[in-house]
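Per chain, numbering begins at 1; letters A, B, ... match sequence-line order.
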Number of protein chains: 2
Amino acid sequence: MRIAHVAPVATTIPPPKSGSVEAMTSLLTEGLVRRGQDVTLFATGDSTTSATLHSIYPHGYWHDANMWPWELYEMLNMAAAVERAADFDVIHYEAAYYPISLAFTRLCRTPIVQTLHHSPTEAEVALWCHYPEAAFVAISREQERLLDGLNVVGTVLHGIDTDSFVFREKPDDYLLFLGRFTEGKGVLQAIEIAKRVEMKLILAAAEDDYYRERVAAHVDGRNIVYFGEADFDAKVKLYGGARALLYPIQAREPFGLVLAEAMACGTPVAALDRGAVREVVDHGVTGMIFDDLEHMTNDLRRVFNLDRRRVRDRAVERFGAARMVDEYLRAYARIVENRRDR
Amino acid sequence: MRIAHVAPVATTIPPPKSGSVEAMTSLLTEGLVRRGQDVTLFATGDSTTSATLHSIYPHGYWHDANMWPWELYEMLNMAAAVERAADFDVIHYEAAYYPISLAFTRLCRTPIVQTLHHSPTEAEVALWCHYPEAAFVAISREQERLLDGLNVVGTVLHGIDTDSFVFREKPDDYLLFLGRFTEGKGVLQAIEIAKRVEMKLILAAAEDDYYRERVAAHVDGRNIVYFGEADFDAKVKLYGGARALLYPIQAREPFGLVLAEAMACGTPVAALDRGAVREVVDHGVTGMIFDDLEHMTNDLRRVFNLDRRRVRDRAVERFGAARMVDEYLRAYARIVENRRDR
């Protein structure tokens, strides 16, 4: 199949450090190429891929204050794929911010499908519903529920590169919080739990205003330790050494990539029951899901007792790239067939 | 000619209060219809026009915090015109922020032309230069100079509705500053001049942080008077009563609508020689252009002595809608012909 894969143009594919959309885009592209698909990746010129790279920019706007307004750069990158529509059977747009490809849906014979990477508001969905023919892939059933009235052609949980998340059988003796410092991610709740169970907690995320204003006061360098922002290798080490990943998430998120990543290192997770958590965590196998902090605190030791080898195996099975690539290929086939029928 | 005129969708066409792009869009649309052109205006549903109105939104995003991100609303409004491209001989996009229509240039047989309403940066122009076929209308030679390398098919100074700017022969005894309170508009310089010549100065603009931090301390309610934001009727009265409009502009602006408006009321202008000022003001007829504040202060009384009837007549001749409509029709004809030749 001739596939145009349109990435965000903020930074390289794969990303230098953080960037979940970019990481997932790279993983899917490489997986499709390995299956013998003819993939053209629309991304910045400094990207690395085994697909054919089509770049209209040498680098991304995260690295160049002159690239403003960034929205226009995203639009023109999408347009570059649509301009070559006749070369492709399907155009797959990674809607990192919002589905600008809606503007092209009716201008293009080649079917366009977009993967959404955020939880849309009702007003967003109401707008998008004016394009009932536009195809969406949801990244969880949690997100799919929000897309009521839209043409959702598949729900595909993200994959991760499980080979590079190294399994570790014997962890050290700490808890881990990894993610952005925001209200929604629940870092203050993670700190509260660590204090209650009297265990060391490592916080790994980029320093920001929320950290300085709300988090820093709790950091004592002994029980509550601030690591900073972890690059990939550091992240894998931090996961592997943790007795458990704490995920007392407050917001309803459409996915939770850190859950899959921790699990791939053999580290079980302790998560609150919000958003897509139930779809990512197998309760009693790869972690435990709690209704509230009280239960999480009381039963945390049961999380430590989960079999780390089994955590890893289940993560590979459920979040390996293979499953994601299969499911996207099925979604593409479905869209192409629908288009042919019309 | 079948013309699609694509307006910004921030508010109504014409605008309820301020909004120079919206005012100019309305004026051009109504003028084209009066010439018997077949115009379809792509604008919000609460707009008022004698053209055919094509609305995909009931109202604009300035009035609805739910309409976010606004960029997508602008894009889809432009797309709505492109989806109907076969119905039009030309699509004219008012690029209030940036030319998103570039994304459609190669997807559409009908030629697209965009009027730019800001002074672009070098980085913006470098990006747009990747679309050498895309047609632009500049709003002044000052702006045109910045568009080096682009396909500028015409330079058309804005028009205003000169009938509604009432001529006043005998003014009161004050100076006027009208415009946003920003560094670039030169309000502090206007205050300095008024103090030096010991005349009353009225400031008319919406209150903002810059006003509170930098301007308010100078306002004494007698010599320096703050009027607030003027609606249309108040604006016309303020212009008509002024001995002169002070325009000690600091930024290089691509046009200066207040200059044309004041002149249409018979009020001469005292302007610094920056940006498009020389193209809008006829030195010695509709106002005087100065190199610096010193000269403006010393020669201000020569501005008062200009013949107000002549100021008005020249403004009607140069900035009446008729001239603008003529020039746009010529630009459209040129684009359509070029497209046919290719």
Side-chain angles (χ1 to χ4, degrees), chain A residues 6 9 42 54-59 61 63-86 91 93 95-110 112 114 116 118 120-131 133-134, chain B residues 6 9 42 54-59 61 63-86 91 93 95-110 112 114 116 118 120-131 133-134:
Chain A
V6 183
V9 287
F42 289 78
H54 182 126
S55 316
I56 58 176
Y57 316 122
H59 54 252
Y61 50 80
H63 312 288
D64 188 345
N66 274 324
M67 292 174 73
W68 182 95
W70 62 262
E71 289 90 347
L72 185 57
Y73 287 80
E74 292 285 351
M75 288 172 194
L76 295 177
N77 187 51
M78 178 64 202
V82 179
E83 288 164 10
R84 292 185 51 196
I91 297 174
Y93 175 63
Y97 308 100
Y98 44 87
I100 59 174
S101 51
L102 290 177
F104 302 97
T105 297
R106 292 168 185 168
L107 305 175
C108 182
R109 281 170 183 278
T110 303
I112 300 176
Q114 45 224 317
L116 276 185
H118 73 291
T121 63
E122 279 181 33
E124 285 185 286
V125 173
L127 174 65
W128 307 347
C129 278
H130 291 120
Y131 300 79
E133 71 275 44
Chain B
V6 183
V9 286
F42 289 78
H54 182 126
S55 315
I56 57 176
Y57 315 121
H59 53 252
Y61 50 81
H63 312 288
D64 188 344
N66 274 325
M67 291 174 74
W68 185 95
W70 62 264
E71 289 90 348
L72 185 57
Y73 286 82
E74 291 286 352
M75 259 201 110
L76 295 177
N77 187 50
M78 177 65 202
V82 179
E83 288 163 11
R84 291 185 50 198
I91 297 174
Y93 174 65
Y97 308 100
Y98 45 87
I100 60 173
S101 51
L102 290 178
F104 301 98
T105 298
R106 293 170 185 167
L107 304 176
C108 181
R109 279 168 183 280
T110 303
I112 300 175
Q114 45 224 316
L116 274 186
H118 73 292
T121 63
E122 279 180 35
E124 284 185 287
V125 173
L127 174 65
W128 307 346
C129 277
H130 290 119
Y131 300 80
E133 71 275 44

Cut-off 4.5 Å, heavy atoms of chain A, and the answer for Y57(B) is side chain
The interface call for Y131(A) against chain B, heavy-atom contacts under 4.5 Å, is side chain
The interface call for E83(A) against chain B, heavy-atom contacts under 4.5 Å, is both
Ranking N66(A), L72(A), T105(A) by heavy-atom pairs under 4.5 Å to chain B gives rank one to L72(A)
Heavy-atom nearest pair, Y93(A) first then S101(A), reads CD2-OG, 3.4 Å
For Y97(B) and E71(B): C-alpha separation, side-chain torsions, deciding distance, then whether side chain to side chain donor-acceptor pair (under 3.5 Å) applies. CA-CA 10 Å; Y97(B) 308 100; E71(B) 289 90 348; over 6 Å; no
A134(B) and L102(B) have their tightest heavy-atom pair at CB-CD2, 3.5 Å
Review point. Any idea how Y98(A) and W68(B) line up, ring-wise: parallel (<30°), tilted (30 to 60°), or perpendicular (>60°)?
Key: perpendicular
Looking only at heavy atoms, the pair that brings W128(B) and P120(B) closest together is CH2-CB, 3.5 Å
Per-residue tally against chain B (heavy atom, under 4.5 Å) across A79(A), A103(A), A123(A) peaks at A103(A)
